[in-house]
Amino acid sequence: MQAKDRMIIALDFPTMTEAIELVEKIGDGATFYKVGLELFLNSSGKMIEYLAGKHKKIFLDLKFHDIPNTTAMASVFASKENVFMYNVHATGGKKMMSKVVEEVRKIDEKSLLIAVTILTSLSQEEVKETFMTETSIKDLAMNLARLAKESGMNGVVCSPWEAKYIKEALGEEFKTVCPGVRPAWSATNDQTRIMTPKNAMMNGCDFLVVGRPITKHEDPALAARLVVEEIEEGLKEAGKC
Ligand code: C5P
């Protein structure tokens, strides 16, 4: 897999006009884009068609969470050409994830089915309040990742700091999709546990989700190129290319 295809640019824009402007500025510099709830709803799903028309690949970040049948049917709809990755909440349970895998694999062998474990916005206090448990977030997340793997899911969203442990526990083939990446030359914004693209690749990340370092850069095409160069360096150091 090319270094460029490990970079997923987060299109965190309220309107399709702004998102298209960015995709056009970057041109051939990126192939993979993340579309989340805001842009998906604001564009009534049309952003997907636009990106597909430009031969881009989409990580559809809608984080499905419902009963097994409903989630599986939504996943079948998500499995359109050019949506190469989408996600469901692992807290929907093993039955739900297994049903997603079963239904999707009848029609689509390739797309990557990714689980969200514990939202990183939740603090340990909130986890205690919500789930009535003293279990650490890390243990809860690892358990959910294991259930995702046992259900046949292809990987998880995780911090680049956790990617190594997940690979060690669940195998090299289990994918790690990592936000919280910041090149040394960019602002940290509201991200706290950050890592550079190079270190993230060396720490077991398969895909990096990068937003503001590229989308807010005065020259987004240049920023994307620099991130890809760092990914390449990290892959070389890790002996992966
Ligand atoms: O702009 P930035 O690079 O921080 O964007 C990262 C993207 O990854 C955003 O779309 C954000 O919502 C998403 N994300 C994250 N942290 C998580 C999960 C998702 O930053 N734990």
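Everything quoted here is computed from the prediction, not taken from an experiment. Counting starts at 1 for both ligands and their atoms, following the listed order.
- In summary, the atoms of ligand 1 found under 4.0 Å from a heavy atom of K34, numbered by their order in the structure, are 10 (O).
- In this structure, of S121, G36, P179, the residue bringing a heavy atom nearest to atom 16 (N) of ligand 1 is P179.
- Considering Q191, R212, R193 only, the shortest heavy-atom separation from atom 20 (O) of ligand 1 involves Q191.
- Judged by distance alone, with hydrogens and angles left aside, the side-chain atoms of K167 form a donor-acceptor pair with the main-chain N or O of F174 at under 3.5 Å.
- Remark: distances from the non-hydrogen atoms of V209 to ligand 1 include one below 4.0 Å.
- Distances below 4.0 Å separate heavy atoms of G211 from the following atoms of ligand 1: 1 (O), 2 (P), 3 (O), 5 (O).
- Within 6.0 Å of atom NZ in K94, more than 12 heavy atoms from other residues, nucleotides or ligands are found, so the atom counts as buried in its surroundings.
- Using a 4.0 Å cut-off to heavy atoms of R182, the atoms of ligand 1 that qualify are 1 (O), 2 (P), 3 (O), 4 (O).
- Nearest residue to atom 17 (C) of ligand 1 from T120, V116, L122 is T120 (criterion: closest heavy atom).
- The number of heavy atoms from other shown groups lying within 6.0 Å of NZ (K54) does not exceed 12.
- Residue-to-ligand polar distances keep V210 apart from ligand 1: every N/O pair is separated by 3.5 Å or more.
- A 6.0 Å sphere centred on CE of M1 holds more than 12 heavy atoms belonging to other residues, nucleotides or ligands.
- For ligand 1, the atoms lying closer than 4.0 Å to a non-hydrogen atom of P213 are 3 (O).
- Within a 6.0 Å sphere centred on NZ of K63, other residues, nucleotides and ligands contribute more than 12 heavy atoms.
- Distance alone, capped at 3.5 Å, is enough to place a donor-acceptor pair between the N82 side chain and the K56 backbone.
- Considering backbone and side-chain N/O of D12, one or more are found under 3.5 Å from N/O of ligand 1.
- Other residues, nucleotides and ligands place more than 12 heavy atoms under 6.0 Å from the OH atom of Y50.
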